[in-house]
Amino acid sequence: MNYEAVFCIVNAGYSELVMDAAKEVGARGGTVIHARGTANKEAEQYFKITIQPDKEIVMILVPQDIKDKVLHAIYQSAGLKSEGQGIAFSLAVDHVVGLSAANAEKSKEQEEAAKEVKENK
């Protein structure tokens with residue numbers, strides 16, 4: 001199975017929002033790194049937003065077939081027009097160790113269960 005690493009950079013305090021959105025579409029978990037942004041006033045004027053210096057970077061390893069769903073869910077809940085002011089992107093992953101085929105199957109089952117819950121709402 002092929003994987004992608006999804007990264008989302010959000011204002012401090014919004015990483016749970018990112019993870020909740022990603023889990024709703026099949027992601028299983030992630031890692032949060034505390035960071036500090038370095039954007040300047042020109043970037044604030046260009047994007048027409050106020051940039052908070054304290055950030056959180058959420059890293060999520062997902063099967064390639066759900067990457068687009070995860071990115072879209074993150075954008076909807078924590079994108080630039082939200083309070084989290086998040087940006088998200090993905091990178092291809094060449095090799096993965098520590099994940100078994102059973103874990104990949106669990107991920108597919110969780111995705112199907114999440115889809116059923118969403119359809120029943």
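What you see is a predicted model; the values in this text were computed from it and never measured. For the single chain, residues carry numbers from 1 onward in sequence order.
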Could you measure the distance from the OG atom of Ser15 to the CD1 atom of Ile33? Nearest 0.5 Å is fine. 11.5 Å
Tell me every residue that passes side-chain hydrogen bond (donor to acceptor under 3.5 Å, both in side chains) with Asp54, counting only those two or more places apart in sequence or in another chain. Arg36
Does Glu56 reach the main-chain N or O of Gly13 with its side chain, forming a donor-acceptor pair under 3.5 Å? yes
Within-4.5 Å side-chain heavy-atom neighbours: Ile60 and Met19: yes
Contacts of Phe7 that satisfy side-chain contact (heavy atoms from CB on, under 4.5 Å) - sequence neighbours left out: Ala5, Ile57, Met59, Phe89, Leu91
All side-chain hydrogen bond (donor to acceptor under 3.5 Å, both in side chains) counterparts of Tyr14, not counting sequence neighbours: Glu83
Where is the tightest heavy-atom contact between Gly29 and Lys23, given as atom of each residue plus distance? CA-CE, 4.3 Å
Hey, what do you get for CG (Asp65) to OH (Tyr3), rounding to the nearest 0.5 Å? 9.5 Å
What are the two closest non-hydrogen atoms of Ala21 and Ser77, and how far apart are they? CB-OG, 3.2 Å
I need the minimum non-hydrogen distance between Ala27 and Val62, along with the two atoms involved. CB-CG1, 4.0 Å
How close do Ile74 and Ala88 get, counting heavy atoms only, and between which atoms? CG2-CB, 4.1 Å
Search all heavy atoms of Ile66 against all heavy atoms of Val25 and return the closest pair with its distance. CD1-O, 4.0 Å
Measuring from Gln64:CD to Met1:CE, what's the distance to the nearest 0.5 Å? 10.0 Å
State, with a plain yes or no, whether a side-chain heavy atom of Ser90 is found less than 4.5 Å away from one of Leu71. yes
Please name the pair of heavy atoms, one in Ala22 and one in Val70, separated by the smallest distance, quoted to 0.1 Å. CB-CG1, 3.9 Å
Would you say Gln85 and Val10 make side-chain contact, with heavy atoms under 4.5 Å? no
